[in-house]
Amino acid sequence: MNFQFLVDIFQKSLEKTGVSEGYKLFFESPKNPENGDLATNVAMQLAKAMKQAPRQIAETIIKNLEYDKTIIENIEIAGAGFINVKFSNNFFYNELINATETRDLFGKGKSGAGKKVNVEYVSANPTGLLHMGHGRNACIGDTVANMYEWNGWEVTREYYFNNAGNQMNNLGKSIFARYMHLLGEQDFPFPEDGYHGSYIITIAEMLMTHHGDSLKSSTTEDLAVCRKYGEQWCFDRIIETMKALNVHHDIFFNEDTLYTDGKVNDVIEQLKALNLAYEKEGALWIALSKMGLKDDRVIVKSSGEPTYRLPDIAYHIVKFQRGYDQLIDVFGADHIATVPDVLAALKALNYDISKIDVLIHQFVTLTENGEQVKMSKRSGKSYTLDELIEEVGSDVVRFFFLMRGITTHLEFDLALAREQSDKNPVFYLQYAHARISSVLDTAKDREINKKDSFDPILLKEKQELDLIKILLKFPAVVESSCEKCEPQILAEYLRELAAAFHVFYHDCRILGVDSDLQNSRLHLANITKIAMRNGLTILGINAPDRM
RNA sequence: GCGCCAGUAGCUCAGUUGGAUAGAGCAUCAGCCUUCUAAGCUGAGGGUCACAGGUUCGAAUCCUGUCUGGCGUACCA
């Protein structure tokens with residue numbers, strides 16, 4: 001629904017009233033339906049400046065209002081000075097016709113037409129299997145990317161593959177130690193902060209089948225083989241897990257290319273040229289204190305290895321140079337410390353950081369029977385994402401990760417997720433879709449053919465009008481959930497839509513009523529199905545025809 | 001110590017640039033299937049919006065302080 005016309009006619013009325021500033025004209029839908037379809041508080045905002053009672057101002061505004069009475073049924077003053085607008089049913093009927101004409105593309109927006117966005121998500125190190133936290137990240141990132149696509153953006157989905165640095169060496173050493181153990185060298189020391197998971201042993205076993213004891217001499221090359229082998233194994237498994245979760249990427253950006261292409265050195269040179277990097281105690285520091293932050297940080301360790309901040313900066317520059325209109329990073333709360341540093345450095349290097357949107361999601365806790373299931377990659381005791389998907393299915397996993405706001409801590413209730421019943425919230429949505437499919441199938445079986453057009457005026461029951469009104473919000477919800485990068489808004493909306501459909505279905509028969517009414521109701525059911533399917537598709541969840 | 005996120009019904013969470021009587025799901029209780037899928041629908045109970053101040057016509061929402069939990073505060077990522 002497009003309410004711009006409403007803003008326009010109010011704007012005109014305000015001009016006629018002689019008001020030109022001191023207010024922000026906007027409409028919101030009142031909680032209580034008795035207060036109409038849309039309301040504005042503009043009269044209350046003006047009360048002080050105009051030195052008049054809000055209700056009196058509202059009266060003047062309404063008097064100067066010119067509007068089409070076939071579209072707006074009623075405008076009245078209520079409460080402390082709200083102006084409530086009630087649309088006529090005709091308005092909704094026209095909008096419903098417009099919506100059905102978009103067919104399968106209902107909800108598709110154009111606000112991003114011609115613009116390019118890069119969404120980076122998951123970006124887990126290839127040092128192990130994905131766990132719950134990565135799962136939330138993957139679902140948020142993938143869904144945000146879907147939302148941008150639905151609003152007309154050209155979307156690049158990217159995974160930053162940290163295959164350089166200390167953690168990778170650590171992986172190589174852990175694998176090598178297990179490899180030595182398998183060769184009977186039980187006393188070979190396991191690295192102190194090594195990876196303890198059983199998958200390391202699996203990798204070592206495979207390594208032994210391929211290489212026998214040829215790596216035993218423990219040269220740098222041997223360790224590099226372990227490292228590379230482990231990286232590939234982890235990468236393959238990560239891809240598999242994401243595939244099971246309906247998550248994919250267009251680009252896997254390898255961190256090590258930042259070194260081979262000289263991008264990291266470029267950053268160092270540029271920072272030095274701006275006098276923003278300096279040597280101290282054998283390390284290279286970035287002068288964040290000159291950029292408005294509190295402490296300077298090391299970007300190249302005294303060992304000669306860079307810290308994560310440096311490649312992070314270089315990587316963002318690479319993304320900037322590809323010419324996106326917007327860059328989105330999806331990070332877990334544990335990465336929060338790096339964000340201000342990277343942004344400050346990019347700003348100092350003259351990049352427009354207003355194009356960067358960093359989404360920080362809070363942690364996931366997995367509970368079962370009121371007890372927390374801990375997950376830590378290095379200790380090895382973890383409930384992997386694979387196991388979770390295997391156990392409850394991808395649809396449930398995705399919905400559980402998306403049904404909460406990204407800034408809140410998410411409690412993943414395993415018992416509830418396992419529940420294959422009406423208690424499980426995702427089924428409520430899928431069931432609405434399956435029900436509609438079933439009715440449409442039954443109609444076909446009975447050789448009831450939906451006509452090309454329908455008469456919306458026949459849809460005059462309260463349940464029908466309620467459903468229509470909620471249905472018409474769909475495109476705006478797709479747009480605002482994208483603007484706010486908040487999948488939860490869409491998930492919550494779909495629950496509301498499903499509820500409105502279930503009530504309609506319960507109270508209004510679709511098949512077997514008067515044939516014109518039957519035709520109109522079939523159309524209403526059909527467009528509801530399309531909205532539900534499109535919404536679920538954006539969330540990456542299946543819309544089943546049968547349950 | 002400092003920074004970020006959070007604190008709303010028994011539990012998990014919504015609450016749109018400050019708005020009208022603070023909502024939903026689950027749980028509890030009471031109803032509804034000879035008719036298109038009961039994984040559904042209807043109703044009831046359930047609240048000091050962590051606490052204390054402040055801003056104003058109006059605060060769960062904004063400001064200040066306090067308390068509680070999570071994350072961070074590395075020459076790990």
Side-chain angles (χ1 to χ4, degrees), chain A residues 24 26 28-32 34-35 39 41 44 47-48 53-54 78-82 84 123-125 127 162 164-168 170 193 255 280-285 294-295 297-309 311-312 332-340 360-363 365 367 370 403-413 416 419-432 434-443 445-446 448 480 484 488-489 491-492 495-496 498-499 501-503 505-507 509-513 518 521-522 525 546-547:
Chain A
K24 256 161 80 184
F26 63 93
E28 56 183 358
S29 43
K31 277 177 246 170
N32 187 341
E34 283 174 25
N35 290 324
N41 64 353
M44 287 138 104
K48 201 165 226 176
F82 292 99
N84 294 336
S123 298
N125 294 354
T127 54
N162 292 96
N166 199 29
Q167 294 302 329
M168 293 308 297
N170 198 357
D193 52 353
E255 180 187 358
K280 190 178 103 183
E281 295 160 4
L284 186 69
W285 294 67
K294 205 170 158 223
D295 297 315
R297 302 281 178 194
V298 170
I299 50 174
V300 180
K301 297 184 247 177
S302 48
S303 65
E305 291 174 307
T307 67
Y308 59 86
R309 278 173 245 268
D312 273 5
D334 54 338
H335 280 66
I336 199 154
T338 93
V339 174
I360 306 260
H361 63 84
Q362 291 301 311
F363 272 37
T365 48
T367 57
M403 70 181 179
R404 303 294 179 222
I406 65 172
T407 60
T408 45
H409 301 266
L410 188 152
E411 189 160 314
F412 197 108
D413 184 339
L416 181 61
E419 188 95 35
Q420 300 285 313
S421 76
D422 58 337
K423 285 179 201 161
N424 198 321
V426 66
F427 295 134
Y428 187 77
L429 311 189
Q430 294 184 313
Y431 185 61
R435 253 184 159 177
I436 299 171
S437 294
S438 171
V439 175
L440 298 179
D441 285 348
T442 308
D445 291 346
R446 297 186 191 172
I448 299 166
S480 74
K484 290 171 191 158
Q488 188 269 335
I489 293 173
E492 169 59 21
R495 197 204 54 74
E496 202 185 326
F501 176 77
H502 285 309
V503 171
Y505 178 90
H506 187 267
D507 294 344
R509 269 202 82 75
I510 298 170
L511 302 179
V513 295
Q518 174 178 271
R521 285 182 174 168
L522 278 171
R546 272 170 210 292
M547 282 175 78

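Naming: A, B, ... by sequence-line order, numbering from 1 per chain. FYI, side chains are in, hydrogens and waters are out, and symmetry mates aren't considered; it's all heavy atoms of this structure.
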- Message: Judged by each residue's nearest nucleotide on RNA chain B, which is more toward the 5′ side, A:Asn41 or A:Ala333?
- Response: A:Asn41
- Item | Phosphate-side-chain proximity, A:Thr408 and B:A14, N/O vs OP1/OP2 below 4.0 Å | yes
- Message: Quick check: any donor-acceptor pair below 3.5 Å linking the side-chain of A:His335 to the base of B:G72?
- Response: no
- Message: I'd like to know if the side chain of A:Glu411 and the backbone of A:Thr365 have a donor-acceptor N/O pair within less than 3.5 Å.
- Response: no
- Item | Counterpart base for B:G3, defined by Watson-Crick or G-U wobble contacts under 3.5 Å | B:C71
- Query: Hey, is the side chain of A:Lys301 poking within less than 4.0 Å of OP1 or OP2 on B:C76, counting only N and O atoms?
  - Reply: yes
- Task: Decide, applying a 5.5 Å centre-distance limit and a 30° plane-angle limit (both strict), whether A:Phe82 stacks on B:A20.
- Result: yes
- Query: Considering only the C1' atoms, how many Å lie between B:U34 and B:A20, rounded to the nearest integer?
  - Reply: 47 Å
- Query: Side-chain donor or acceptor of A:Ser302 under 3.5 Å from a matching atom on the base of B:C75?
  - Reply: yes
- Query: Can you tell me the Watson-Crick or wobble partner of B:U48, both distances under 3.5 angstrom?
  - Reply: none
- Message: With syn defined as a glycosidic angle within 90° of 0 and anti as the rest, where does B:C51 land?
- Response: anti
- Query: From the list B:A39, B:C2, B:C76, which nucleotide is the closest neighbour of the side chain of A:Lys294?
  - Reply: B:C2
- Could you tell me whether a side-chain N or O of A:Asn162 sits under 3.5 Å from a main-chain N or O of A:Asn125, the two making a donor and an acceptor? no
- Does any N or O in the side chain of A:Asn35 come within less than 3.5 Å of the main-chain N or O of A:Asn84, such that one atom is a donor and the other an acceptor? no
- Message: Given 3.5 Å as the limit, does a donor-acceptor pair link the side chain of A:Thr442 with the main chain of A:Ser438, or not?
- Response: yes
- Pick the C1' atom in B:A6 and in B:A60, then give their distance to the nearest Å. 14 Å
- Item | Check: B:A20 base within 3.5 Å donor-acceptor of A:Asn84 side chain | yes
- Integer angstrom distance from the P of B:G46 to that of B:C2: 42 Å
- Message: Of the listed nucleotides (B:U37, B:G25, B:C57), which one gets closest to any side-chain atom of A:Val439?
- Response: B:U37
- Nearest-angstrom distance from the residue atom CG of A:Leu410 to C1' of B:A14: 14 Å
- Considering only the P atoms, how many Å lie between B:C76 and B:G53, rounded to the nearest integer? 49 Å
- Query: Any N or O donor-acceptor pair linking the side chain of A:Asp334 to the base of B:G72 at under 3.5 Å?
  - Reply: no
- Query: Starting at CZ of A:Arg435 and ending at P of B:U35, how long is that distance when rounded to a whole Å?
  - Reply: 13 Å
- Item | Complement of B:C26, any strand, by Watson-Crick or G-U distances under 3.5 angstrom | B:G10
- Using a cut-off of strictly less than 4.0 Å, decide whether A:Lys31 has a side-chain nitrogen or oxygen near OP1 or OP2 of B:U21. no
- Item | Side-chain N,O (A:Arg309) to OP1/OP2 (B:C75) below 4.0 Å | no
- Item | N or O in side chain of A:Thr442 less than 4.0 angstrom from B:C36 OP1/OP2 | no
- Task: Determine the interatomic distance between P on B:C63 and the same-named atom on B:U16; round to the nearest Å.
- Result: 15 Å
- Message: Nearest to the side chain of A:Arg509, heavy atoms from C-beta on, is which of B:C75, B:C36, B:A20?
- Response: B:C36
- Item | Integer angstrom distance from the C1' of B:G65 to that of B:G23 | 30 Å
- Result for 5'-nearest mapping on RNA chain B, choosing between A:Gly79 and A:Ile406, is A:Ile406
- Query: Is the distance from OP1 or OP2 of B:A77 to the nearest side-chain N or O of A:Thr127 less than 4.0 Å?
  - Reply: no
- Separation of the C1' atoms in B:U35 and B:U21, to the nearest angstrom: 39 Å
- Presence of donor-acceptor pair under 3.5 Å, side chain of A:Tyr431 and base of B:A39: no
- Message: Determine whether a donor-acceptor pair (N or O, by modelled atom type, separation under 3.5 Å) exists between the side chain of A:Arg404 and the backbone of A:His409.
- Response: no
